[in-house]
Engineer: 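Structure in structure tokens, see below.
As the structure is a computational prediction, the values presented were derived from the model and not from experiment. Positions are given from 1, in the same order as the sequence printed here. Just the heavy atoms: all of them, side chains too, but no hydrogens, waters or symmetry mates, feed the values below.
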Amino acid sequence: MDKSAAILIVDDYLLIRTAVRQVLAELGFVNVFQADNGKAAQDVMLKQRIDVVIGDWGMPVMSGIDLLKWMRRDAQYADTPFMMLTAEANPASVRTALAAGVNAYMIKPFTVHSFASKFMAMVGPMLEGGPAAQLVAPAAPAAPAVLARPAAKPDGAAATDVIGLEPPIAERLRKCTVLIVDDIATNIEVLAGALKDEYAIKVAINGKKALEIANAFHVDLILLDIMMPVMDGFEVCRQLKANPKTANIPIIFLSARDGVEDVVAGLKLGAVDYVSKPADPTILKARLSAHLTLATAMADLKRQNDLLVENAHLREDVERMTRHDLKSPIAVALHGAQALLGSELTDAQRESARMIEQAAGNALEMINRTLDVYKMEQGQYQPRLESFDLVALLDKVARQTELAFGARALTVKVSNMPADVRCLGEPMLCYSLFNNALKNAAEASPDGAAVTVEFAPGYGSLHVVIENQGEVPAAMRGHFFDKYAPSEKVGGHGLGTYSIRLMAEVQGGDATMDTGDGVTRLTITLPSA
């Protein structure tokens with residue numbers, strides 16, 4: 001592949017497409033195509049041979065991950081390099097992209113240099129005539145991680161040594177280390193011989209040595225004899241449990257002493273099990289596997305719980321940070337861009353200034369919306385209710401939505417509206433509410449379709465019914481208004497329908513949805529003035 005290769009940028013955010021196109025132009029790639037969603041990208045790829053795809057994960061109509069899966073099923077595009085350019089940084093998303101066949105995974109936000117270096121690392125072998133299957137993005141400490149499409153292992157299994165992704169528990173168990181503690185060498189030989197094919201084995205011939213090994217090396221489970229000279233197994237267990245570094249290591253007592261009092265004493269000291277000698281290898285292996293599985297799962301749960309606690313603190317920090325720290329510099333960037341637009345600039349400079357202005361404006365809007373939603377969740381948002389003309393507001397939002405989706409020939413029809421309908425609410429909040437609702441309806445509609453907005457009066461309330469063609473997927477219907485639920489429609493920030501209901505409820509209203517017969521109806525209820 002040379003610099004004339006056809007590259008397709010797929011992202012629903014125009015500024016990202018523009019920025020990526022500019023970087024590609026600086027790299028010498030000028031044969032660049034664009035699409036704002038996966039379906040539009042498919043249309044381009046069916047008409048025009050594409051050599052490389054750079055796609056966002058979250059887009060309306062068809063997401064980047066669905067586009068990638070389609071490509072890997074298509075004979076023409078099965079091996080076409082695909083760079084996922086996304087804000088989805090969680091391990092589950094990375095794992096999904098790898099399984100789908102992604103070649104490179106780049107996290108937003110990114111710098112011009114980091115994008116350029118990762119893109120060239122991906123296509124470099126192709127520029128030199130190497131096969132696409134050999135695409136590997138080298139590590140770059142200063143830039144977001146890029147993951148190569150997993151190479152095949154000799155046995156055909158996919159590589160799993162990706163940072164941030166834990167292998168399945170069954171696979172991790174095979175890497176566990178078992179410490180066998182017994183003062184009789186033949187006992188150690190028998191146990192080690194039975195377990196060596198499944199676990200890494202360490203041995204100790206007395207209690208003191210066992211404590212040294214457990215403190216110095218990683219040990220996942222200890223098979224501990226009770227009857228040993230100088231320091232018996234009970235004392236070893238006490239000292240292991242008293243040491244924070246070794247306290248969580250599962251201990252299985254292994255002894256010829258199988259009286260009730262011995263078993264109870266061992267369990268009271270913190271052992272997880274008690275196996276009588278001579279131990280049947282099959283039973284011993286089953287018990288080891290069960291306890292190692294449980295210990296691994298508990299460790300995973302602890303990490304997840306720690307992460308949840310950390311995220312809860314992070315959320316509070318982000319709320320304070322956005323309120324005090326982020327809005328000011330974004331406002332400065334916005335004002336600076338507007339000042340630049342009022343001066344003499346070249347066409348390229350003016351385009352960059354407009355991009356900065358629009359991006360800063362979008363960032364402020366998202367911050368404000370996120371802050372409002374957060375306050376509503378905490379019961380801290382106090383709407384300033386007043387009587388206003390709901391019909392005029394709906395007309396304004398409908399025209400703006402129609403203009404925004406003009407490229408898809410969508411129409412937004414406001415009908416069955418009385419001349420003057422007064423709503424009791426907060427005008428700006430209602431503007432955000434209906435703007436979000438109509439945007440969602442338009443995104444879910446096929447090209448050339450019509451979104452209708454109708455009014456239905458009620459006793460002391462107003463009902464606005466927004467109808468669009470297309471049904472909500474069955475799996476999503478029970479979670480339509482849940483926070484972050486619309487993962488199938490990953491074109492936004494996960495607050496779309498959730499914020500619609502929240503904004504309605506905070507003003508004393510509600511939002512409901514029903515879908516079927518090829519259409520979806522969203523009913524928003526607000527108090528009448």
Engineer: Can you pull the salt bridge (charged side-chain N to carboxylate O under 4.0 Å, His left out) pairs that have at least one residue in residues 182-194, sequence neighbours excluded?
Structural biologist: Asp182-Lys277
Engineer: Can you list everything that forms a side-chain contact (heavy atoms from CB on, under 4.5 Å) with Arg238? Sequence neighbours excluded, please.
Structural biologist: Phe234, Glu235, Leu269
Engineer: Considering residues at least two apart in sequence or located in another chain, which fulfil the side chain to side chain donor-acceptor pair (under 3.5 Å) criterion with Asn215?
Structural biologist: Asn243
Engineer: Among residues at least two apart in sequence or on other chains, which ones pass salt bridge (Lys or Arg N to Asp or Glu O under 4.0 Å) with Arg17?
Structural biologist: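 Per chain and number, Arg17 pairs via salt bridge (Lys or Arg N to Asp or Glu O under 4.0 Å) with no residue.
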Engineer: Please list, chain by chain and in numerical order, all residues satisfying salt bridge (Lys or Arg N to Asp or Glu O under 4.0 Å) with Lys209, sequence neighbours excluded.
Structural biologist: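 Partners of Lys209 by the salt bridge (Lys or Arg N to Asp or Glu O under 4.0 Å) criterion, ordered by chain and then number, come out as Glu212.
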Engineer: Could you name each residue pair satisfying salt bridge (charged side-chain N to carboxylate O under 4.0 Å, His left out) that touches residues 243-255, not counting sequence neighbours?
Structural biologist: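 Of all non-adjacent pairs touching residues 243-255, none passes salt bridge (charged side-chain N to carboxylate O under 4.0 Å, His left out).
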Engineer: Please, which pairs that meet salt bridge (charged side-chain N to carboxylate O under 4.0 Å, His left out) have at least one residue in residues 502-521, sequence neighbours excluded?
Structural biologist: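 Checked against salt bridge (charged side-chain N to carboxylate O under 4.0 Å, His left out) - neighbours excluded - the pairs reaching residues 502-521 are Glu467-Arg521, Arg501-Asp510, Asp514-Arg521.
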Engineer: Run the side-chain contact (heavy atoms from CB on, under 4.5 Å) test against Val472 and tell me which residues pass, sequence neighbours left out.
Structural biologist: Met476, Arg477, Phe480, Met513, Thr515, Thr520
Engineer: Could you work out, with side-chain contact (heavy atoms from CB on, under 4.5 Å) as the rule, every residue matching Val264, not counting sequence neighbours?
Structural biologist: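 Expected list: Val260, Lys268.
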Engineer: Without hydrogens or angle criteria, can the side chains of Tyr498 and Glu377 be said to hold a donor-acceptor pair below 3.5 Å?
Structural biologist: yes
Engineer: Using side-chain contact (heavy atoms from CB on, under 4.5 Å) as the criterion, list what pairs up with Thr525, not counting sequence neighbours.
Structural biologist: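 Expected list: Ser461, His463, Thr523.
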Engineer: Which residues pass the ring-ring contact (aromatic ring centres under 6.0 Å, His included) test with Tyr77, not counting sequence neighbours?
Structural biologist: none
Engineer: Please identify each residue that fulfils salt bridge (Lys or Arg N to Asp or Glu O under 4.0 Å) with Lys241, with sequence neighbours left out.
Structural biologist: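 Result, salt bridge (Lys or Arg N to Asp or Glu O under 4.0 Å) vs Lys241: none returned.
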